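Being a predicted model, the structure only gives us computed values, none of them experimental.
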Amino acid sequence: STWGFNVGKIHFVTFNTDYYFDNKDQQDQMLNWLNKDLEIANSDEIRKQRPWIIFINHQPVYCSDNMKECNENPEKLKFLEEILINYKVDMFLAGHQHDYERTYPMRFGQIAQSQTLKDFSKQNYFVDAEAPIHINEGAASIMLNARNLKTNFKEFTIKKQKSIGSFGVFEAHNETHFQYQHIDSISGQTLDEVYLIKPLKAIPAEQLKLNKVGIFLFIGIISFAAIFTILFGYYLQKQNEEEIDEKHTEETYKTILRSEEGMTSKATYLFEN
């Protein structure tokens, strides 16, 4: 019930808090494993390969249903939230409550800071969020425990959908853009979607210096090649012009000779007659 695996550009890590609380003698071992797994996943080298981390747990940290877990878990699972924020986990995916709910990026009970994009929804696009968003994808069964959800919204809730039969789809487009879609199982319609966006990392100063040297060297080589091409072209043009002049001079000389030969023949003819 606790393991990590990779799919494309995403590292998934699962954790079972139900088992964790029921087996106190294994709690240290489970947390040590979790910290080690996320430490590796969040390292610079691995983040370049798999820039997105998704955490999966049966019970949510944040939810707005009228059940005790929604009231108790923000404090009860605070130890887990500290780990996720420390290792820059991007999304917390849970179930337990039998509906769909998506939150803002959350940090210890408060909506976390994130940048927004001009002309884009502030509820569907989060740029460089300082904490994970939380998604409860528990609406797989059609009409399972379906209820009126309008009165159950909390300040952190962005979208909520009762059980109608649905599922979620991940897509890590690249190192800067991640998309999650909540889809109706019957119609295939996208009921909700969210984009997580990370700005490209700044180039370290030392690497930037090396890049500058490389750029100047590249420009120098290109400039030399361009000058050489121009000069060589000019040389070929001059050679061609000289060949044309020589050929023209030779033709002119032959014409003159032919003219002189013709005049000599004519004079001889007149003299003989």
Side-chain angles (χ1 to χ4, degrees), residues 10 12-18 52-85 89-114 116 120-127 129-171 178-197:
I10 307 174
F12 293 90
V13 56
T14 70
F15 198 80
N16 189 334
T17 52
D18 294 330
W52 305 98
I53 301 177
I54 308 302
F55 186 90
I56 303 173
N57 185 54
H58 174 66
Q59 292 208 20
V61 176
Y62 299 100
C63 55
S64 57
D65 275 6
N66 295 322
M67 57 183 183
K68 66 175 185 178
E69 290 87 350
C70 292
N71 296 320
E72 296 176 355
N73 281 359
E75 185 61 31
K76 185 178 180 180
L77 300 182
K78 188 175 181 179
F79 76 97
L80 193 59
E81 192 173 11
E82 290 175 353
I83 296 174
L84 305 186
I85 292 174
V89 169
D90 300 289
M91 178 185 292
F92 187 108
L93 182 64
H96 193 59
Q97 66 169 0
H98 295 159
D99 48 45
Y100 171 81
E101 184 170 7
R102 176 169 64 86
T103 75
Y104 287 94
M106 293 298 296
R107 182 184 179 91
F108 307 127
Q110 303 295 322
I111 296 175
Q113 291 185 352
S114 65
T116 58
F120 285 85
S121 169
K122 295 181 180 179
Q123 296 184 335
N124 297 85
Y125 295 82
F126 298 102
V127 182
E130 65 173 14
I133 66 170
H134 293 250
I135 293 180
N136 302 326
E137 189 64 78
S141 299
I142 299 177
M143 301 303 293
L144 174 62
N145 201 22
R147 50 199 178 277
N148 188 341
L149 302 172
K150 295 181 179 179
T151 59
N152 294 337
F153 277 69
K154 290 188 177 180
E155 65 278 0
F156 54 71
T157 303
I158 293 178
K159 180 76 174 182
K160 199 162 185 181
Q161 177 71 53
K162 64 182 181 180
S163 298
I164 60 170
S166 54
F167 60 94
V169 175
F170 305 90
E171 186 168 2
F178 176 92
Q179 180 185 14
Y180 184 87
Q181 292 179 300
H182 174 62
I183 298 176
D184 188 315
S185 300
I186 298 176
S187 68
Q189 178 185 357
T190 298
L191 304 175
D192 185 36
E193 67 178 343
V194 59
Y195 286 85
L196 303 180
I197 302 171

Point to revise | Verdict with supporting geometry, Phe55 and Leu93, side chain to side chain contact (heavy atoms under 4.5 Å, CB included) | key: CA-CA 6 Å; Phe55 186 90; Leu93 182 64; over 6 Å; no
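- Using a 4.5 Å heavy-atom cutoff, the side chains of Pro132 and Met106 are not in contact.
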What donor-acceptor contacts under 3.5 angstrom involve side-chain atoms of residues 70-79, with partners at least two apart or in another chain?
unit_1: Asn73; atom_1: ND2; unit_2: Gln59; atom_2: OE1; d: 3.1
unit_1: Asn73; atom_1: ND2; unit_2: Pro60; atom_2: O; d: 2.7

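- Note that CD of Glu82 is 9.5 Å distant from CG of Leu80, once rounded to the nearest 0.5 Å.
- Rounding to the nearest 0.5 angstrom, the gap separating the CD1 atom in Ile183 from the OG1 atom in Thr190 is 4.5 Å.
- Judged as a side chain to side chain donor-acceptor pair (under 3.5 Å), and not counting sequence neighbours, the contacts of Asp90 are Arg47, Lys198.
- With Ser185 contributing its side chain and Ser166 its backbone, the two residues share a donor-acceptor pair below 3.5 Å.
- The aromatic ring centroids of Phe170 and Tyr180 lie less than 6.0 Å from each other.
- Counting only residues at least two apart or on different chains, the salt bridge (Lys or Arg N to Asp or Glu O under 4.0 Å) pairs with a member in residues 182-196 are Arg102-Asp192.
- With Phe15 as reference, Thr17 is the one residue of Thr17, Val13, Asp18 to meet the side-chain contact (heavy atoms from CB on, under 4.5 Å) rule.
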Exercise for review: Carefully, step by step, assess Tyr104 and Gln123 under the rule side chain to side chain donor-acceptor pair (under 3.5 Å).
Suggested key: CA-CA 7 Å; Tyr104 287 94; Gln123 296 184 335; 3.1 Å; yes
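- In this view, Phe178 and Trp52 satisfy the ring pair (Phe, Tyr, Trp, His ring centres under 6.0 Å) rule, not counting sequence neighbours.
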Exercise for review: For the pair Phe92 and Asn57, evaluate side chain to side chain contact (heavy atoms under 4.5 Å, CB included) and give the outcome as yes or no after the intermediate values.
Suggested key: CA-CA 8 Å; Phe92 187 108; Asn57 185 54; 3.7 Å; yes
Exercise for review: Might you work through the side chain to side chain contact (heavy atoms under 4.5 Å, CB included) test for Thr103 and Ile158, ending with a clear yes or no?
Suggested key: CA-CA 5 Å; Thr103 75; Ile158 293 178; 5.9 Å; no
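- For the pair Asp99/Lys160, a side-chain contact is recorded, criterion being any heavy-atom separation below 4.5 Å from C-beta on.
- With Glu137 contributing its side chain and His182 its backbone, the two residues share no donor-acceptor pair below 3.5 Å.
- Taking 4.5 Å as the limit, some side-chain heavy atom of Glu101 sits within range of a side-chain heavy atom of Phe156.
- Side-chain contact between His96 and Met67 is present, with heavy atoms from C-beta onward closer than 4.5 Å.
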Review point. Hey, mind stepping through Tyr100 and Asn136 against side chain to side chain contact (heavy atoms under 4.5 Å, CB included) and telling me if it holds?
Key: CA-CA 5 Å; Tyr100 171 81; Asn136 302 326; over 6 Å; no
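- Partners of Tyr195 according to the ring pair (Phe, Tyr, Trp, His ring centres under 6.0 Å) rule, which considers only residues two or more places apart in sequence or in another chain, are Tyr125.
- Around CD of Gln113, the count of heavy atoms belonging to other residues, nucleotides or ligands within 6.0 Å does not exceed 12.
- Within the 4.5 Å cutoff, the side chain of Glu81 has heavy atoms near those of the Phe108 side chain.
- In this structure, CD1 in Ile133 is found 13.5 Å from OH in Tyr62, a value given to the nearest 0.5 Å.
- Annotation: side chain of Phe126 is in contact with side chain of Val194 (closest heavy-atom distance under 4.5 Å).
- Shown here are the side-chain contact (heavy atoms from CB on, under 4.5 Å) partners of Ala112, two or more places apart in sequence or in another chain: Pro105, Arg107, Glu130, Ala131.
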